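Structure first, commentary second.
The sequence lines fix the lettering, A, B, ..., with proteins before strands; numbering per chain opens at 1. Small disclaimer: the values here were computed from a predicted structure and weren't measured.
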Amino acid sequence: MVERVQAVRGMNDILPEAVPWWQMVEATAREVLELYGYREIRTPLVEKLELFARSIGESTDIVEKEMYAFADRKGQWLALRPEATASVVRAFIEHNLQADPLARKFYTIGPMFRHERPQKGRYRQFHQIDAEVFGIDDPLLDAELMVMLCDFLERIGLADVALHINSLGCPACRPSFREDLKRFLHHRAPSLCPDCDRRRHVNPLRVFDCKVDRCREALTGAPQLLDHLCEDCARHFEKVQSYLGGLGVPFMVDPRMVRGLDYYMRTTFEVITDRLGAQNAVGGGGRYDGLMRDLGGPDLPGIGFAIGMERLILLLQQGRSLQGPAPEVFMAVLGEKAVSEAFRTAQALRRSGLGVEMAYGGGSLKSQMRRADKLAAAYVVILGEEELQRGVAVVRNMKEKSQKEVPLSGLVEFFSRRDGSSGGAPDRAQEPV
RNA sequence: GUGGGUGUAGCUCAAUAGGUUAGAGCACUGGGUUGUGGCCCCAGAGGCUGUCGGUUCGAGUCCGAUCACUCACCCCA
């Protein structure tokens, strides 16, 4: 037997059955984000490796061991994007978009790549909905961004998720806190897990979200980031909270939430679920005011988030199904002579805007009816030689189980008259059978 | 990268302590009066038991390797 080529590990096919979910999520994302003034931008999947090393951080796991990096035919180091922010910032700088007063809020939807061991909710090619805003440091925007995220999640029908927020401080206050924390961790070093013992040198803040009990205990009495915020950061964070509170958006301050990309500062946030096993973050983001400058652009503040579409859809699918498009009309044909006329009729109906499926290869009327039923067609148009001679067709309403004869020349009109209510793809989530 | 679990029909699963021709449900195809769907009944098709090697008279079953899937660590969306 011939050996079969399989898909690359961790990279999934999205089959027609699942596509309605993806389309629903994407359409809702576009609708909601544009309501808040975001405009779509599309950047390449491949960038120079350097872009990610400089933005995400050389010592982060993503850059150190998870990137799909390769040299092209001319020896230039490239990488498949592991996230979207760096690319959007790059594009903003490259096209000098700060000159365009309309270009401040962006979104992009597409695949990202990280070479991790796949597991539930974590794949090597995965998809994100990503939003970024440049040039606004008003805490009102931080709040609006989170409100928008919650608004979106609510509209697609995701209820039981929690918004966690934190502030990571800024270059004015974080370094001194970092030193305090380092000193503290130095004393507790013997009781830390090996990972954290390493982390306390490289990225001490990350010790906070270690899940090992030992480490959690060792951290009691540790200096708190939120107590060390400078005046500006403290005021900023306070305003964010008060704006959120003002709209009645439930949130939780989580001082342990530290994010894994180096560029984050001040406001960070995550949307958490307890229904996805280990991968509990459905979406997350934060402020990155120094990033654009570090990438050689103007010194503009930035903030953004990313939503993991696979995780989102896993949650939405739990116990529910979403129906795909069904044809309005199924053309059933009897006898060779009727085929051409049926084909012509189907084409005329399609041009009038109806979805039409045909009985290819003929078969008994019974089998054709069965197929129409499986496809969930609203109507079956039956054309046999007998009807053909009289210039009519039988139109059967599958739901009503009623049928009548309609002149072939009047078919398009017949369907256009009852258009509006019956037409269109059913797009509603349904309970399982 | 590290550990655990699982690979039998398109899907979900069976197959007594190794023992003849590997079964069932769903799905699929055809039929149950001539040209009418869902329910029901009948029939049919569909598998080198992930792959390679080993033990044995004999392997779906035991052993090893490999690949894949899966869960967890790690990391993150």
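- Residue A/Lys182 qualifies as enclosed at atom NZ: its count of foreign heavy atoms under 6.0 Å is above 12.
- Among the protein residues, A/Leu312 comes within range of no part of the nucleic acid, since none of its heavy atoms lies under 4.0 Å from any strand.
- B/G35 atom P lies 15 Å from atom CZ of A/Arg370, rounded to whole Å.
- Looking at heavy-atom distances under 4.0 Å, A/Glu387 makes contact with a base.
- Looking at the side chain of A/Ile382, the nearest of the listed nucleotides B/C73, B/G35, B/A77 is B/G35.
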**Request:** Carefully, step by step, assess A/Phe330 and A/Leu375 under the rule side chain to side chain contact (heavy atoms under 4.5 Å, CB included).
**Result:** CA-CA 9 Å; A/Phe330 183 93; A/Leu375 290 169; 3.8 Å; yes

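- Nucleotides B/U51 and B/G7 have their P atoms positioned 14 Å apart, rounded to a whole Å.
- Residue contacts for A/Gln403: at a heavy-atom cut-off of 4.0 Å it reaches a base atom on one of the strands shown.
- OP1 and OP2 of B/G38 both lie 4.0 Å or more from every side-chain N or O belonging to A/Lys399.
- The residue among A/Gly363 and A/Val258 whose nearest nucleotide of RNA chain B is located toward the 5' end is A/Gly363.
- Across all strands shown, A/Lys120 has heavy atoms under 4.0 Å from sugar-phosphate atoms exclusively, and none from any base.
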**Complete:** Once base and sugar-phosphate atoms are separated, protein heavy atoms under 4.0 Å mark nucleotides 4-10 of chain B, 5' to 3', with B, S and - as -------

**Request:** Would you check, one step at a time, whether the test side-chain hydrogen bond (donor to acceptor under 3.5 Å, both in side chains) holds for A/Thr85 with A/Glu132?
**Result:** CA-CA 7 Å; A/Thr85 304; A/Glu132 311 287 349; 2.7 Å; yes

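- When heavy atoms are screened at a 4.0 angstrom cut-off, A/Gly121 is found touching base atoms of the nucleic acid.
- Between B/C57 and B/A14, the distance separating the two C1' atoms is 28 Å to the nearest Å.
- Checked against a 6.0 Å centroid threshold, the rings of A/Phe126 and A/Phe113 do not count as neighbours.
- The backbone N or O of A/Tyr107 lies less than 3.5 Å from no partner atom in the side chain of A/Asp130, so there is not a single donor-acceptor pair.
- At whole-Å resolution of the value, CE in A/Met67 and P in B/A77 are 14 Å apart.
- Across all strands shown, A/Ala306 has heavy atoms under 4.0 Å from sugar-phosphate atoms exclusively, and none from any base.
- Residue A/Ser87 comes nearest to A/Pro44 through the heavy atom pair OG-O, 4.5 Å, listed as atom of the first residue, atom of the second, then distance.
- Only the C1' atoms considered, B/G64 is 24 Å distant from B/G19, to the nearest whole Å.
- Using a 4.0 Å heavy-atom criterion, one finds that A/Asn397 contacts no nucleic acid atom at all.
- Between A/Asp373 atom CG and B/A27 atom P there is a gap of 12 Å when expressed in whole angstrom units.
- Taking the C1' atom of each, B/A15 and B/A59 are spaced 14 Å apart, rounded to whole Å.
- With rounding to whole Å, A/Arg122 atom CZ is found 9 Å from B/C73 atom C1'.
- What separates NZ of A/Lys65 from P of B/U2 is a distance of 12 Å, to the nearest Å.
- Residue contacts for A/Glu66: at a heavy-atom cut-off of 4.0 Å it reaches the sugar-phosphate backbone alone, with no base atom in range.
- Phosphate proximity of B/A68 to A/Gln6: absent, as no side-chain N or O sits under 4.0 Å from OP1 or OP2.
- Each of A/Arg396 and A/Ser364 lies near RNA chain B, and the nucleotide nearest A/Ser364 is the one positioned closer to the 5' end.
- Taking atom NZ of residue A/Lys401 and atom P of nucleotide B/G37, one finds them 11 Å apart after rounding to whole Å.
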**Complete:** Read 5' to 3' with Watson-Crick or G-U pairs under 3.5 Å, [ ] for crossing pairs and | for partners on another strand, RNA chain B gives (((((((..((((.....[...)))).(((((.......))))).....(((((..]....))))))))))))....

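- For the pair A/Lys366 NZ and B/G30 P, the interatomic distance rounds to 10 Å; values are reported in whole Å.
- Look at the P atom in both B/A27 and B/C11: the space between them is 16 Å, to the nearest Å.
- Heavy atoms of A/Lys374 sit under 4.0 angstrom from primed sugar atoms or phosphate atoms, though from no base atom.
- Each of B/U36, B/G38, B/C69 was ranked by its minimum atom distance to the side chain of A/Arg9; first place goes to B/C69.
- Atom CD in A/Glu132 sits about 11 Å away from atom P in B/A77, given to the nearest Å.
- Salt bridge annotation for A/Arg30-A/Glu34: absent, with no cationic side-chain nitrogen under 4.0 angstrom from a carboxylate oxygen.
- Side chain to side chain, A/Gln119 and A/Gln279 meet the donor-acceptor criterion of an N or O pair below 3.5 Å.
- Judged by distance alone, with hydrogens and angles left aside, the side-chain atoms of A/Asp137 form no donor-acceptor pair with the main-chain N or O of A/Pro301 at under 3.5 Å.
- Checking B/A77, B/G38, B/C73 against the side-chain heavy atoms of A/Arg311 singles out B/A77 as nearest.
- Salt bridge status for A/Glu116 with A/Arg124: absent, with no side-chain N to carboxylate O gap under 4.0 Å.
- B/G23 sits 16 Å from B/A45 when the C1' atoms are compared, rounded to a whole Å.
- At a threshold of 4.0 angstrom between heavy atoms, the contacts of A/Glu83 with the nucleic acid are absent.
- For B/U56 and B/U61, the P atoms lie 16 Å apart once the distance is rounded to whole Å.
- Considering only side-chain atoms of A/Gln128, the nucleotide from B/U36, B/A77, B/C71 that sits closest is B/A77.
- Between B/G1 and B/G58, the distance separating the two C1' atoms is 42 Å to the nearest Å.
- The number of heavy atoms from other shown groups lying within 6.0 Å of CZ (A/Arg90) is above 12.
- The list of ring pair (Phe, Tyr, Trp, His ring centres under 6.0 Å) pairs with a residue in residues 263-289 of chain A, not counting sequence neighbours, reads A/Tyr263-A/Tyr288.
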